[in-house]
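Report on one structure; see the data block that follows.
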Amino acid sequence: AAQPALRVSVDGVVCHVSFTAPPAPSAGVLVNPDGSGQSSRAIPLSTLVRVSYTPPELVLVSVHVATAAACFGTASPRVDSSRTVVRVLPESQGEAPAWAAALCNAADVLQEPQRHWLAIANPVSGNRQSVVTFHDIVLPVLLAAGHTAELRVTDGPGHAIELASTTGDAFGGIICCGGDGLIFEVQAGNLRHQRLPLVAIPTGSDNSLATSLQVRTPFLASLTAIKGQAIALDVCAIHPWPQGGVLQQPPLAFSLCCSGIGFVSDVLEDVARHRWMGRSRTLFCGAKKILSSVSSYPCSLTYTPRNGPTEPCLLPDGKDCPSCPALNAGRRRQPKQHSDDDREQRCSFDRFASVTVGVHRARNRAVARKGAMFPGGHFSDGCLELLAANHVPWLRFVSLVARVSLDGCSHATLPGVMYKKCAQVVLERNDVDEGQAWNLAVDGELLPQKTRRVVFEANPGLATIHGLSPSLRPLLGAYEQGQSFAAKAEEALTCCTVGCCSLLESMCLTPTQRPMDDLVIV
């Protein structure tokens, strides 16, 4: 409902200023002149970044993406800000402080001292536009809201770990301008220090974490730094093989998205040789690997199951998710009580085409809008998501990859595919040759050291990241509307791929190859 209006003066014209709070479709501030013939002015709450009232002046600052013509044809759009100053008339000055506070609450604008951000950019990620994106989009949004930022550019692998671990006490958060690999390094250094909140700016090749949060554009991601919702995010700690039954500290790595061996690590190994292709290299190398051959690896898989939610997470929609109790970094999760059924179990498969462990749904820009790696993944449910594919026929593996893109659900029920929610996962290579080891993929990067035995362990609520708030939902709706044709075309192509694979599989496989009883848990 619209809030009571204030009587103000704008450039000598007496006006009424009011606002409508979300979830109203037209949520925004309306400046309506009293006189006839004067046009009213609307400011959307989604782009309002600063509200200040110093009697008798009320200042409203909003941001918007400049048009292509205003950018003189540059490759990166630019962000401009507009400042609206109104003079509150004496009869409304008593109501103005409460009115301004209510507007800040509706627009998710924090009434606290502005932050000083540390921005870390990977200059070679994606299309090599991370530094340009920071100066043209991220920094103008921060300055319009009264925030400040210091930019540090990485100069090679591992440099972001050093930058994030030596932040000192001067920063209130870290902005990551890059892809999942940069966030992986930043979080590794961040966990050694103050565990500052993170903001993911999607400028990489595969922006799985940002896409899972539905923060699909750098402009929307920049706004989450100002008015986003703080989300406590589970972290997967990856340990070497325990000595004497005790996990070794510190872990090899921390994962905020997904990690594993097999198909994913094979593709990333090829991606490292095709960085000149930019964002297209991951899709190209994945298709190349599928069309050539999908390798299988001999290993034993042991996991500790954990009961967890199976319905989709509502956090990206700006709503409270009942399955994610730790929404705020300051609210610590109470330890869950688990039943006796949560005992260690072993999968009877002895060869795997892919084993992937994640901490949320793990969506990325290469799949359709509904696509996801883990159907029941949540940001803060205290569970790991385990997806393991047996050494299945080639057509079935193509169908698996296509179904991940199609609906993010049906692939988990395919024959030879196992999907579980776990507290811990143990992988051990069991071939005869002790010299053989895995390439371990973590958040889009390959670990420098190979391993034969590895343990994945859930760490609930260990990281904090900024996601969408209710006031930012209209911007997401506008983005999805603009992408509707591309999404429908991609979904139609994926449906055709799944249908063709299923038909060919039923024609080519013998009846003894079709049953699902090859999946046995002992």
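What you see is a predicted model; the values in this text were computed from it and never measured. For reference, positions follow the sequence shown, starting with 1.
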If only side-chain N and O atoms count, and only distance matters, is there a donor-acceptor pair under 3.5 Å linking Asp108 with Ser469? yes
Does any N or O in the side chain of Arg351 come within less than 3.5 Å of the main-chain N or O of Ser296, such that one atom is a donor and the other an acceptor? yes
Treating Asn190 as the side-chain partner and Ala164 as the backbone partner, does any N or O pair qualify as donor plus acceptor under 3.5 Å? no
From the list Asp155, Val153, Ile120, side-chain contact (heavy atoms from CB on, under 4.5 Å) partner of Leu163 resolves to Ile120
I'd like to check Trp117 versus Ile174 (side-chain heavy atoms, cut-off strictly below 4.5 Å). Are they in contact? no
Taking C-beta and beyond as the side chain, do Phe219 and Val63 meet within less than 4.5 Å on heavy atoms? yes
With a 4.0 Å cut-off on N to O distance, would you call Asp381 and Lys421 a salt bridge? yes
Quick check for you: to the nearest 0.5 Å, what is the distance between Leu220 atom CG and Thr47 atom OG1? 11.5 Å
So, taking the atom named NE2 in His360 and the one named OG in Ser380, what distance separates them when rounded to the nearest 0.5 Å? 12.0 Å
Note: Lys288-Asp270 ion pair, threshold 4.0 Å (strictly below): yes
CG on Leu256 to CG on Asp180, rounded to 0.5 Å: 9.0 Å
For Glu457, does its backbone N or O pair with a side-chain atom of Asn459 as donor and acceptor, under 3.5 Å? yes
Side chains of Ser130 and Asn122: any donor to acceptor distance under 3.5 Å? no
Determine, step by step, whether Arg216 and Thr211 satisfy the side chain to side chain contact (heavy atoms under 4.5 Å, CB included) criterion, reporting the C-alpha distance in whole Å, the side-chain angles of both residues, the deciding distance to 0.1 Å, and the verdict. CA-CA 6 Å; Arg216 296 176 177 267; Thr211 307; 3.7 Å; yes
To the nearest 0.5 Å, what is the distance between CD1 (Ile183) and CD1 (Ile465)? 5.5 Å
Do His466 and Gln229 have a side chain donor and acceptor closer than 3.5 Å? no
Determine the minimum heavy-atom distance between Ser265 and Gly260, stating which atoms define it. CB-O, 4.2 Å
Residue pair Ala210 / Pro202: nearest heavy atoms and the distance that separates them: CB-CB, 4.0 Å
Just wondering, do Leu301 and Val426 contact through their side chains at under 4.5 Å, heavy atoms? no
Walk me through it: do Glu445 and Leu268 pass the test side chain to side chain contact (heavy atoms under 4.5 Å, CB included)? CA-CA 7 Å; Glu445 299 291 332; Leu268 288 179; 6.0 Å; no
Take Asp136 and Val79, measure what side chain to side chain contact (heavy atoms under 4.5 Å, CB included) needs, and give me the verdict at the end. CA-CA 6 Å; Asp136 291 349; Val79 169; over 6 Å; no
Thr464 vs Ile231, side chain to side chain contact (heavy atoms under 4.5 Å, CB included): CA-CA, chis, key distance, verdict: CA-CA 6 Å; Thr464 305; Ile231 300 173; over 6 Å; no
Closer than 3.5 angstrom, by distance alone: can the side chain of Thr154 be matched with the main-chain N or O of Gly156 as a donor-acceptor pair? no
So does Gly178 get a backbone contact from the side chain of Thr203, meaning a donor-acceptor N/O pair under 3.5 Å? yes
Between Phe374 and Tyr419, how do the two ring planes meet: parallel, tilted or perpendicular, split at 30° and 60°? parallel
Is any side-chain heavy atom of Leu462 closer than 4.5 Å to a side-chain heavy atom of Asp234? no
Set of side-chain contact (heavy atoms from CB on, under 4.5 Å) partners for Cys299, sequence neighbours left out: Phe352, Leu427, Trp438
Answer yes or no: is there a donor N or O on one side and an acceptor on the other, between the side chain of Arg429 and the main chain of Thr451, under 3.5 Å? no
Find the distance between SG (Cys257) and CG (Asp443) and round it off to the nearest 0.5 Å. 4.5 Å
Which heavy-atom pair separates Val357 from Cys236 by the least distance, and what is that distance? CG1-SG, 4.4 Å
Exercise: identify the closest heavy-atom pair between Glu269 and Asn439: OE1-ND2, 3.2 Å
To the nearest 0.5 Å, what is the distance between CG on Leu198 and CD on Gln187? 5.0 Å
What is the minimum heavy-atom distance between Asn207 and Gly179, and which atoms define it? OD1-CA, 3.6 Å
Any side-chain heavy atom of Val455 sitting closer than 4.5 Å to one from Gln424? yes
Hey, are the side chains of Phe284 and Val271 touching, using non-hydrogen atoms and a 4.5 Å cut-off? no
When every non-hydrogen atom of Leu384 is compared with those of Ala423, the smallest separation belongs to CD1-O, 3.9 Å
With the side chain counted from C-beta on, respond yes when Lys420 and Pro305 share a heavy-atom pair under 4.5 Å apart, and no when they do not. no
Would you say that Val359 contacts His378 through its side chain, given a criterion of any heavy-atom pair below 4.5 Å between the two side chains? no
